[in-house]
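Residue numbers start from 1 in every chain, and the chains themselves are labelled A, B, ... in the order their sequence lines are given, proteins ahead of strands. Values in this document were obtained by computation on a predicted structure and should not be read as measured data.
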Amino acid sequence: MEVVAVIDFETTGLSPAQGDRATEVAAVIVEGGRVVDRYQSLMNAGVRIPAYIEALTGISNAMIRSAPPADAVMREVSDFVGGIPIVAHNASFDARFWDAELEHIQRERKQDFVCSLLLSRRLLPLAPSHKLGALVEYAKLPVAGRYHRALADAEMAASLLLRLEEELRLRHRVPEVSVDLLRRIQRASKAQLPRCLAAARGG
DNA sequence: TGCCAGGCCCTCTTTAGGGCCTT
């Protein structure tokens with residue numbers, strides 16, 4: 001598989017359209033079946049974190065007060081990721097924040113997102129839940145740290161991505177897994193999936 | 001004042017509703 005960046009945001013809520021902002025971002029570069037580089041930073045966007053989200057993530061308002069400005073962090077992380085494909089767990093969420101935070105620094109996204117949640121629903125249909133934590137447990141992946149911290153979640157989503165690649169190679173006998181194949185799989189309906197995989201096998 | 005996300009997916013569906021995910 002080509003080089004990809006797996007990213008994760010912690011935020012003040014669910015919707016940038018409602019004024020929510022990022023509080024932490026992490027990106028890990030996956031190449032040759034392993035994580036080869038990492039970026040992580042808290043970020044101060046000047047928006048108060050609700051108490052229940054402080055409890056969820058462990059990221060407090062005090063921690064954010066001493067964090068670097070959100071704009072500076074977004075310049076760094078978007079330079080770090082560059083134009084390579086981005087993977088995230090429930091990518092529609094992270095893509096909305098990625099786009100909204102880039103807009104604050106007058107930048108635009110250069111690539112599409114791949115969603116490990118949609119891929120897991122296709123490729124690990126028997127998992128009792130497709131939450132990141134539940135998939136880590138189901139697939140017996142290493143717990144990389146505290147859930148709901150950006151770097152730990154990005155590392156675990158990267159492990160999940162590699163597990164999905166392995167599933168395609170070993171169970172579905174796909175000789176070469178590409179980002180384009182992942183995009184086709186996440187777009188495919190359950191009924192279309194067998195044909196999609198057969199085409200990827202070369203038959 | 002009242003409201004408050006959005007996309008995917010399933011089904012007792014398509015003239016719709018509700019659960020799952022992300023924080």
Take atom [atom1] of [X] and atom [atom2] of [N], then tell me their distance rounded to the nearest Å.
{"X": "Gln192(A)", "N": "dC8(B)", "atom1": "CD", "atom2": "C1'", "result": "14 Å"}
{"X": "Leu160(A)", "N": "dC21(B)", "atom1": "CG", "atom2": "P", "result": "13 Å"}
{"X": "Arg121(A)", "N": "dC10(B)", "atom1": "CZ", "atom2": "P", "result": "9 Å"}
{"X": "Leu56(A)", "N": "dC21(B)", "atom1": "CG", "atom2": "P", "result": "16 Å"}
{"X": "Phe113(A)", "N": "dG7(B)", "atom1": "CZ", "atom2": "P", "result": "14 Å"}
{"X": "His148(A)", "N": "dC21(B)", "atom1": "NE2", "atom2": "P", "result": "13 Å"}
{"X": "Asp153(A)", "N": "dC21(B)", "atom1": "CG", "atom2": "P", "result": "15 Å"}
{"X": "Leu119(A)", "N": "dT22(B)", "atom1": "CG", "atom2": "P", "result": "15 Å"}

DNA chain B contacts made by [range], counting heavy atoms under 4.0 Å:
{"range": "residues 38-45 of chain A", "result": "none"}
{"range": "residues 9-20 of chain A", "result": "Phe9(A), Glu10(A), Thr11(A), Gly13(A), Leu14(A), Ser15(A), Gln18(A)"}
{"range": "residues 126-141 of chain A", "result": "Ser129(A), His130(A), Lys131(A), Leu132(A)"}
{"range": "residues 87-98 of chain A", "result": "His89(A), Asn90(A), Phe93(A), Arg96(A)"}

Nearest 0.5 angstrom please: Ser159(A) OG to Arg34(A) CZ, how far?
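Reported value, rounded in 0.5 Å steps: 13.5 Å.
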Enter the distance from Ser120(A):OG to Lys131(A):NZ here, rounded to the nearest 0.5 Å.
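The distance works out to 14.5 Å.
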Contact class for Thr23(A) vs. all strands (heavy atom < 4.0 Å): base, sugar-phosphate, or nothing?
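Nothing: the residue Thr23(A), judged by heavy atoms under 4.0 Å, touches no strand.
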When you check the gap from the basic side-chain N to the acidic O, do [X] and [Y] get nearer than 4.0 Å?
{"X": "Arg149(A)", "Y": "Glu24(A)", "result": "yes"}
{"X": "Glu166(A)", "Y": "Arg171(A)", "result": "no"}
{"X": "Glu155(A)", "Y": "Arg38(A)", "result": "yes"}

Could you walk me through whether Leu182(A) and Leu168(A) pass the side chain to side chain contact (heavy atoms under 4.5 Å, CB included) test, one step at a time?
CA-CA 10 Å; Leu182(A) 298 181; Leu168(A) 283 166; 3.9 Å; yes
Provide the distance between the two [atom1] atoms, one in [N] and one in [M], to the nearest whole Å.
{"N": "dC10(B)", "M": "dT23(B)", "atom1": "C1'", "answer": "25 Å"}
{"N": "dG17(B)", "M": "dC4(B)", "atom1": "P", "answer": "15 Å"}
{"N": "dG6(B)", "M": "dG2(B)", "atom1": "P", "answer": "22 Å"}
{"N": "dT13(B)", "M": "dC8(B)", "atom1": "P", "answer": "22 Å"}
{"N": "dC12(B)", "M": "dA5(B)", "atom1": "C1'", "answer": "28 Å"}
{"N": "dC3(B)", "M": "dG7(B)", "atom1": "P", "answer": "23 Å"}

Transitive ILVMFWY cluster of Val25(A) at side-chain heavy atoms under 4.5 Å: who else is in it?
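Under the 4.5 Å side-chain rule, Val25(A) groups with Val3(A), Ile7(A), Phe9(A), Leu14(A), Ile29(A), Val36(A), Tyr39(A), Met43(A), Val73(A), Met74(A), Val77(A), Phe80(A), Val81(A), Ile84(A), Ile86(A), Phe93(A), Phe97(A), Trp98(A), Leu102(A), Ile105(A), Phe113(A).
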For Leu56(A), which fellow cluster members are found when Ile, Leu, Val, Met, Phe, Trp and Tyr are connected by side-chain heavy-atom distances below 4.5 angstrom, either directly or through intermediates?
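Listed partners: none, Leu56(A) stands alone.
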Would Leu126(A) and Ile185(A) show up in the same hydrophobic cluster when neighbours are defined by side-chain heavy atoms closer than 4.5 Å?
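Yes; tracing contacts between hydrophobic side chains, which count when under 4.5 Å, links both residues.
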Might you work through the side chain to side chain contact (heavy atoms under 4.5 Å, CB included) test for Leu124(A) and Glu167(A), ending with a clear yes or no?
CA-CA 9 Å; Leu124(A) 300 174; Glu167(A) 188 79 4; 4.1 Å; yes
Min side-chain heavy-atom separation Ser92(A)-Cys115(A) under 4.5 Å
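No, every pair of side-chain atoms sits at 4.5 Å or beyond.
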With the side chain counted from C-beta on, respond yes when Arg183(A) and Pro85(A) share a heavy-atom pair under 4.5 Å apart, and no when they do not.
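Arg183(A) vs Pro85(A): side chains touch.
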On DNA chain B, compare the nucleotides closest to Ile53(A) and Ser189(A); which residue's is nearer the 5' end?
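The residue mapped nearer the 5' terminus is Ser189(A).
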Full working for side chain to side chain contact (heavy atoms under 4.5 Å, CB included) between Leu119(A) and Val114(A)
CA-CA 8 Å; Leu119(A) 290 171; Val114(A) 172; 3.7 Å; yes
What do the steps show when you test His89(A) against Leu160(A) for side chain to side chain contact (heavy atoms under 4.5 Å, CB included), and what is the final call?
CA-CA 9 Å; His89(A) 199 68; Leu160(A) 174 61; 3.8 Å; yes
Does a side chain donor of either Thr12(A) or Asp20(A) reach within less than 3.5 Å of an acceptor in the other side chain?
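Short answer, yes.
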